[in-house]
2 protein chains.
Amino acid sequence: MSKSTKVTIQDVARLAGVGVGTVSRVLNGHPNVSADAEASVRRAIEESGYRPVAAAQTLRSRRSNIIGFITDEIATSPHAGQIMRGAQETAWKGGKILFLVNTQWDPELERSAVETMIDRQVDGLIYATMFHRAATPPQAIRQIPSVLLDCFVEDASLASVVPNEADGGYQATTYLIEHGHRRIGYINHVEDIPAQRLRLQGYRSALEAHGIPFDAELVVERYSEPKGGYDGMMTLLNLPNPPSAVFCFNDRSAMGAYDAIRQRGLRIPQDIAVIGFDNQELIAANLYPGLTTMQLPHYEMGIWAVEYLLSELDAVGKDEAAAERSPPQVLLKCPLVVRDSV
Amino acid sequence: MSKSTKVTIQDVARLAGVGVGTVSRVLNGHPNVSADAEASVRRAIEESGYRPVAAAQTLRSRRSNIIGFITDEIATSPHAGQIMRGAQETAWKGGKILFLVNTQWDPELERSAVETMIDRQVDGLIYATMFHRAATPPQAIRQIPSVLLDCFVEDASLASVVPNEADGGYQATTYLIEHGHRRIGYINHVEDIPAQRLRLQGYRSALEAHGIPFDAELVVERYSEPKGGYDGMMTLLNLPNPPSAVFCFNDRSAMGAYDAIRQRGLRIPQDIAVIGFDNQELIAANLYPGLTTMQLPHYEMGIWAVEYLLSELDAVGKDEAAAERSPPQVLLKCPLVVRDSV
DNA sequence: TCAAATCATGGAATCGATTCCAATTGGAAT
DNA sequence: ATTCCAATTGGAATCGATTCCATGATTTGA
């Protein structure tokens with residue numbers, strides 16, 4: 001229990017009456033240690049309050065037990081927090097700790113962040129973006145095990161995990177159909193990003209799967225904020241034959257759609273059903289009536305990314321061929337969150 | 001530029017035709033290096049693509065250039081992100097990198113997180129909470145320079161930075177008074193937390209400072225969510241002499257207050273002015289009319305915390321007496337964010 | 001001009017772990 | 001009884017930097 005001077009592995013060895021090699025073997029769970037030796041080493045560790053110095057371990061073993069987490073933007077939404085929570089919890093369970101760097105969209109900073117991580121001999125690297133998109137991470141990232149989170153490279157040469165947007169769009173639309181709706185509007189985003197394209201694709205395949213003809217009139221494109229949602233909804237309501245339900249690109253635009261519907265004196269969900277996307281608690285749970293929406297699997301992506309890295313790490317050495325397999329491109333499901341708007 | 005084998009300081013020394021000591025001195029900006037020597041070392045570093053191995057530096061110098069960041073909850077709100085962004089950016093500028101651990105309110109995990117940080121010889125530690133409160137961080141935190149963020153210990157024995165809630169309440173109330181309101185309601189939170197007590201205190205001193213008598217009838221306590229805000233607002237509106245303006249404990253309760261006001265057929269801000277607290281963009285910017293509110297200085301607290309640690313770090317050794325000064329207890333101002341609700 | 005102080009330098013010692021190697025021990029096999 | 005092999009073990013070498021120390025070169029001051 002003496003805290004005054006730093007206890008080293010030498011001290012433990014002396015106290016246990018064994019060599020430092022033996023202590024190290026116990027510490028790392030290596031084979032060929034007698035039960036006796038192990039017991040006395042453990043006792044000595046306990047008594048002395050010994051804690052290994054991480055830097056020394058890293059220096060010699062070339063493994064730091066650190067996972068680097070690089071992200072373009074950290075502060076925009078609770079989404080970022082969910083990713084980091086998933087990643088951090090999983091890392092901790094695996095005995096690893098997270099290094100965090102936020103690059104604020106600065107490619108130079110990104111490069112330098114990756115290099116810093118490598119200097120510190122991180123075991124693996126997560127490169128996360130705050131919305132689903134194609135990305136071009138620094139080349140250096142390929143020197144070590146790494147994984148893209150909420151983004152991907154076009155040639156699929158790096159492991160990647162992203163939400164299954166198409167399935168999300170499909171599920172949302174199907175849910176509306178199952179509630180008897182046949183005429184379903186879609187207020188899409190305007191920019192060409194994966195979510196924009198893929199959710200629409202999901203919407204269309206859901207219609208098709210249920211034998212409902214696609215009507216281009218029912219799809220409007222607006223910036224996905226309350227104003228856009230309001231405006232898009234108004235456009236749909238002004239149709240000669242307006243929809244009885246609307247799928248909104250995200251919760252923020254659904255917020256605007258709510259306003260438009262209210263302003264027309266219509267009720268949700270009796271007159272118009274609404275479904276959103278993102279499950280931004282702050283909005284979806286607080287709207288009245290509560291917004292039914294699709295949840296993005298941020299927490300799960302964080303978990304997956306770290307688990308993937310961990311599995312890569314202990315594959316190293318064991319199965320050299322593994323390095324040659326093509327990197328997984330994983331889609332994670334977006335669960336439906338039912339509230340009262342459908 | 002050879003990348004094949006790891007370049008060490010020995011290689012650089014050989015290449016530059018100097019000793020390793022000289023290389024190290026150049027690297028660390030130590031004095032007593034001739035211009036010639038420095039130039040050739042720099043050239044050798046450039047040519048060889050040398051990058052120091054962090055673990056070796058840490059082992060010998062006992063400084064890791066890492067700052068530990070421990071937090072109870074990471075994912076609730078954009079607030080967490082703001083703190084981390086401020087901390088991370090400032091750390092990066094100071095040549096440090098952030099270790100992140102999220103303890104999910106688990107005291108055992110907290111202990112173990114602090115120990116892990118110490119094992120890794122972090123230069124300093126930030127202990128952050130996701131709302132302003134009294135905290136009891138693990139004892140071990142006192143072994144190294146550390147700072148509490150958005151929390152404090154009762155005896156002020158650890159440095160701490162928190163929002164100036166009382167001033168925030170004062171500013172908010174004053175802003176309403178300056179807009180001609182004399183009868184101002186306050187929908188407070190119900191639980192006894194610093195924000196609850198201090199914002200009320202600020203409200204009262206603002207009234208007093210402007211010669212408006214305090215009327216207990218105008219202060220109601222509700223849970224600070226939309227439902228509570230709605231309910232509290234209704235209570236105020238039902239008063240024989242209802243207020244012309246209302247200060248809400250936070251933006252979420254303001255959201256509910258909006259609903260109540262609308263439901264009564266009253267207009268914001270013409271009939272009732274509303275001011276919130278927190279500046280949760282997702283709510284405040286998206287409500288109609290935009291909610292005027294007080295912003296919590298999360299980003300700034302993150303910056304302050306790291307800057308404090310950095311200054312502590314280079315005070316070490318220079319001025320031994322500094323360690324004995326009583327740790328600062330800093331209050332950071334909450335700026336007013338003007339939108340259209342007043 | 002000479003002593004003293006200052007500057008510049010190379011290289012050994014050091015940080016604290018892991019890993020490797022040679023040596024010892026104790027059975028099992030012949 | 002002797003040989004062989006596997007299990008255990010202690011301790012030296014190693015990882016790659018910083019730091020310290022002894023030494024030689026240069027300046028400064030009188």
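The structure displayed is predicted, hence computed values, not measured ones. The sequence lines fix the lettering, A, B, ..., with proteins before strands; numbering per chain opens at 1.
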Could you tell me the Watson-Crick or G-U partner of dA4(C), where both distances fall under 3.5 Å? Say none if there is no partner.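 Checking every strand shown, dA4(C) finds its partner in dT27(D), with both distances under 3.5 Å.
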What is the distance from [atom1] of [X] to [atom2] of [N], rounded to the nearest Å?
| X | N | atom1 | atom2 | value |
| --- | --- | --- | --- | --- |
| Arg60(A) | dT19(C) | CZ | C1' | 5 Å |
| Gln57(A) | dG16(D) | CD | P | 17 Å |
| Leu27(A) | dG16(C) | CG | P | 15 Å |
| Asn28(A) | dT9(D) | CG | P | 16 Å |
| Leu59(A) | dC15(C) | CG | C1' | 9 Å |
| Arg63(A) | dC15(D) | CZ | P | 17 Å |
| Asp11(A) | dG11(D) | CG | P | 15 Å |
| Gln121(B) | dA17(D) | CD | P | 17 Å |

Describe, in one word, how the ring planes of His132(A) and Phe152(A) are oriented to each other, choosing from parallel (under 30°), tilted (30 to 60°) and perpendicular (over 60°). perpendicular
Would you say a side-chain N or O of Ser24(A) is under 4.0 Å from OP1 or OP2 of dT18(C)? yes
Please determine if a side-chain N or O atom of Tyr50(A) lies less than 4.0 Å away from the OP1 or OP2 oxygen of dA17(C).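 Tyr50(A) to dA17(C) OP1/OP2: side-chain N or O found under 4.0 Å.
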Ignoring hydrogens and angles, state whether a donor on the side chain of Arg85(B) or Gln88(B) is under 3.5 Å from an acceptor on the partner side chain. no
Will you find, in the side chains of Ser157(A) and Arg142(A), an N or O donor that is under 3.5 Å from an N or O acceptor?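 There is such a pair between these side chains.
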Please round to the nearest 0.5 Å and tell me the distance separating atom OG1 of Thr71(B) and atom CD of Glu110(B). 9.5 Å
Any base atoms under 4.0 Å from Arg51(A), or only sugar-phosphate, or nothing? Heavy atoms, all strands. sugar-phosphate
Categorize Thr8(B) for me: base, sugar-phosphate, or nothing, with a 4.0 angstrom heavy-atom threshold over every strand shown. sugar-phosphate
Hey, what are the protein-to-nucleotides 4-10 of chain C N/O distances that come in under 3.5 Å?
residue, atom, partner, partner atom, Å
dT9(C), OP1, Ser34(B), OG, 2.8
dT9(C), OP2, Ser34(B), N, 3.0
dT9(C), OP2, Ser34(B), OG, 3.2
dG10(C), OP2, Gly19(B), N, 2.7
dG10(C), OP2, Thr22(B), OG1, 2.9
dG10(C), N7, Arg25(B), NH2, 3.4
dG10(C), O6, Arg25(B), NH2, 2.8

Closest nucleotide among dC15(D), dA17(D), dA17(C) to the Arg62(A) side chain: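 Of dC15(D), dA17(D), dA17(C), dC15(D) is nearest to the side chain of Arg62(A).
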Are Asp123(A) and Pro145(A) packed together at the side-chain level, in the sense that at least one heavy-atom pair is separated by less than 4.5 angstrom? no
In chain order, what residues pass the salt bridge (Lys or Arg N to Asp or Glu O under 4.0 Å) check against Arg60(B), with sequence neighbours excluded?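 For Arg60(B) there are no salt bridge (Lys or Arg N to Asp or Glu O under 4.0 Å) partners, ignoring immediate neighbours.
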Would you check if the side chain of Ser146(B) reaches a backbone N or O of Ile141(B) as a donor-acceptor pair within less than 3.5 Å? yes
